[in-house]
Amino acid sequence: MSSDPGAVLVLGGTGHLGRFVVAALLERGVAVRVLSRDPGRARAVLGDRVEILQGDLCDPASVAPAMAGVARCVVTVSAMSPATFRRSREIECDAVIAALEQGQRDRLQRVVLVSIFAIDLALAGRLGIDNARIKHDLESWLAASGLAWTVLGQPPSMEVLFAFIRGGRTMAVPGGGPPRLPTIAPQDTGALAADAVLRDDLHGQRIRLVAVPPVSFPEAAQRIGAVWGREVRFVAPPLFIPIALRWLLTPLAALNDKLGFVHTMLGYLRLLNAFPSEGLDADRERLATLFDHRFTTLEEEAEARRPEPV
Ligand SMILES: NC(=O)c1ccc[n+]([C@@H]2O[C@H](COP(=O)([O-])OP(=O)(O)OC[C@H]3O[C@@H](n4cnc5c(N)ncnc54)[C@H](OP(=O)(O)O)[C@@H]3O)[C@@H](O)[C@H]2O)c1
């Protein structure tokens, strides 16, 4: 770190990943500022060592005070909820760009963006997923912005390996998942993003976060079961079931936010099964050379999520 960074702003600091970025910055003795639509919830999630400003990224009047005096910023904003997913472009791209432009007019120099793992517009187009185009446009703006930027390509959080387990005994993944899925524990993304935003030697790099050896879902079920001391049975319902369901929901998706969100999530199940498998080992080697960090293993995450005995 070249000089005192001042307060680092974390946009999306209350989220699944953002809260770990905040914790990692605090651990490193850095002051942290967060903009949240719900400051009461933010305080409950983040504690009292964080400066929390109430506001919405889409409201320039609340963005200006958040950006004031900030030299370094981490962006972990997501609009992926039933209430906001239809406004993903406005929130995740347009409003983030407007906020960073506002920061540039003041002191902002360094930005770390936690983005999606890989930008494959052809695949996303085939699967009807808008998010890749949105992140592509944001990343393109960042690359041309004149800011010192780093993009972290986030794979599915390690949580995904547990999200498909029902009753602690059966992992059911429609389509079976890809042969090798990269994952990372959210606390490790937090540590890497905190290190990256404080460093000045990672400008212009897009880094895919392959933290631990990629696993298939059946292998994950077997390894989680070994930690929990019980069999976690793996089943792969056919992928055509969610595909057909998505097709049936298409006319209703535009009419109802909850159904629209389910429709979007069903698209992500197809993406999960088609997850990029090229270059994962090289990504992992590169990450290990760029950061001095010990990554959380699947076994450690399974231990932390051990089900209560029945
Ligand atoms: N989680 C994953 O497994 C995963 C996988 C791949 C990529 N990613 C990427 O990682 C990033 C973070 O994802 P996440 O899962 O951590 O997101 P998340 O848990 O859904 O958190 C969303 C965050 O965005 C903030 N936010 C949303 N709308 C806002 C608005 N209008 N104004 C201000 N803040 C707003 C929320 O703040 P408040 O609610 O406090 O206002 C919250 O802190 C995203 O770029 C996502 O695409 C995540």
Side-chain angles (χ1 to χ4, degrees), residues 9-23 32-46 50 52-67 73-100 102 111-120 124 129-139 142 151-164 181-190 192-193 206-211 261 264-265 268 271-272 275-276 301:
L9 175 67
V10 185
L11 292 174
T14 59
H16 174 69
L17 300 174
R19 65 188 63 188
F20 290 101
V21 180
V22 170
V32 183
R33 180 184 295 170
V34 166
L35 175 73
S36 172
R37 290 163 299 171
D38 184 345
R41 193 180 69 86
R43 183 66 68 205
V45 169
L46 302 175
V50 178
I52 293 168
L53 300 186
Q54 174 167 23
D56 189 312
L57 266 172
C58 300
D59 169 20
S62 59
V63 170
M67 302 308 302
C73 174
V74 179
V75 180
T76 59
V77 175
S78 168
M80 202 46 74
S81 80
T84 55
F85 76 101
R86 293 193 205 280
R87 295 172 54 220
S88 291
R89 171 166 289 279
E90 179 195 352
I91 295 169
E92 293 185 19
C93 184
D94 301 347
V96 167
I97 290 174
L100 297 180
Q102 167 84 34
V111 174
V112 169
L113 169 66
V114 181
S115 187
I116 55 176
F117 185 68
I119 306 268
D120 183 339
I129 291 173
D130 303 333
N131 201 253
R133 170 63 66 185
I134 292 169
K135 295 296 200 210
H136 168 272
D137 292 353
L138 175 58
E139 290 189 26
L142 197 55
V151 173
L152 303 180
Q154 165 76 24
S157 170
M158 208 178 268
E159 190 179 4
V160 76
L161 300 175
F162 298 86
F164 289 99
L181 182 71
T183 62
I184 182 170
Q187 59 272 24
D188 292 332
T189 296
L192 298 183
R206 191 182 202 287
I207 304 164
R208 302 206 302 184
L209 304 185
V210 183
F261 188 66
T264 300
M265 288 295 128
Y268 277 100
L271 180 62
L272 185 67
F275 209 81
E301 200 64 15

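Sequence positions, counted from 1, serve as the residue numbers for this chain. These numbers were taken from a predicted model, which means no experiment stands behind them. Remember, it's 1-based here, ligands and their atoms both numbered in the order they're listed.
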Pairs of nitrogen or oxygen atoms closer than 3.5 Å, one from [X] and one from ligand 1: do any exist?
X: Glu92; answer: no
X: Ser157; answer: yes
X: Pro156; answer: no

Please state whether [X] comes within less than 4.0 angstrom of ligand 1, counting heavy atoms only.
X: Arg19; result: no
X: Asp56; result: yes
X: Arg41; result: yes

Looking at non-hydrogen atoms alone, which of [options] comes nearest to [atom]?
atom: atom 43 (O) of ligand 1; options: Thr14, Leu209, Asn131; result: Thr14
atom: atom 46 (C) of ligand 1; options: Lys135, Met158, His16, Arg37; result: Lys135
atom: atom 33 (C) of ligand 1; options: Thr76, Thr84, Val96, Leu57; result: Leu57
atom: atom 17 (O) of ligand 1; options: Gly15, Ser78, Gly12, Gly18; result: Ser78

Checklist entry - Without hydrogens or angle criteria, can the side chains of Thr189 and Gln154 be said to hold a donor-acceptor pair below 3.5 Å? => result yes
Which residue holds the protein heavy atom closest to [atom], what is that atom called, and what is the gap in Å?
atom: atom 44 (C) of ligand 1; result: Val77 O, 3.4 Å
atom: atom 6 (C) of ligand 1; result: Gln154 O, 3.3 Å
atom: atom 11 (C) of ligand 1; result: Val114 O, 3.8 Å
atom: atom 10 (O) of ligand 1; result: Leu17 CD1, 3.4 Å

Item to check | Ser115 contact mode with ligand 1 (heavy-atom cut-off under 4.0 Å) | outcome: backbone
Checklist outcome for this item: Going by the 4.0 angstrom heavy-atom rule, the piece of Pro155 near ligand 1 is backbone
Side chain proximity check, [X] to [Y], heavy atoms < 4.5 angstrom:
X: Ile119; Y: Arg206; answer: yes
X: Ile184; Y: Leu192; answer: yes
X: Leu100; Y: Cys73; answer: yes
X: Val74; Y: Leu9; answer: no

Item to check | Under 3.5 Å donor-acceptor, Ser62 side chain and Asp56 backbone | outcome: yes
Next on the checklist: Strictly distance-based, threshold 3.5 Å: is any side-chain N or O of Arg33 a donor or acceptor partner for the main-chain N or O of Ala66?
Outcome noted: yes
Item to check | Least distance between heavy atoms, Gly12 atom then Val77 atom | outcome: N-CG2, 3.9 Å
Checklist entry - Taking all atoms of both residues into account, what is the closest heavy-atom pair of Phe275 and Pro156, and its distance? => result CZ-CD, 3.5 Å
Checklist entry - What atoms of ligand 1 come closer than 4.0 angstrom to any heavy atom of Ser36? => result 38 (P), 40 (O), 41 (O)
Item to check | Glu92/Arg87 ion pair, N-O < 4.0 Å | outcome: no
Item to check | Ser88 vs Thr84, side chain to side chain contact (heavy atoms under 4.5 Å, CB included): CA-CA, chis, key distance, verdict | outcome: CA-CA 7 Å; Ser88 291; Thr84 55; over 6 Å; no
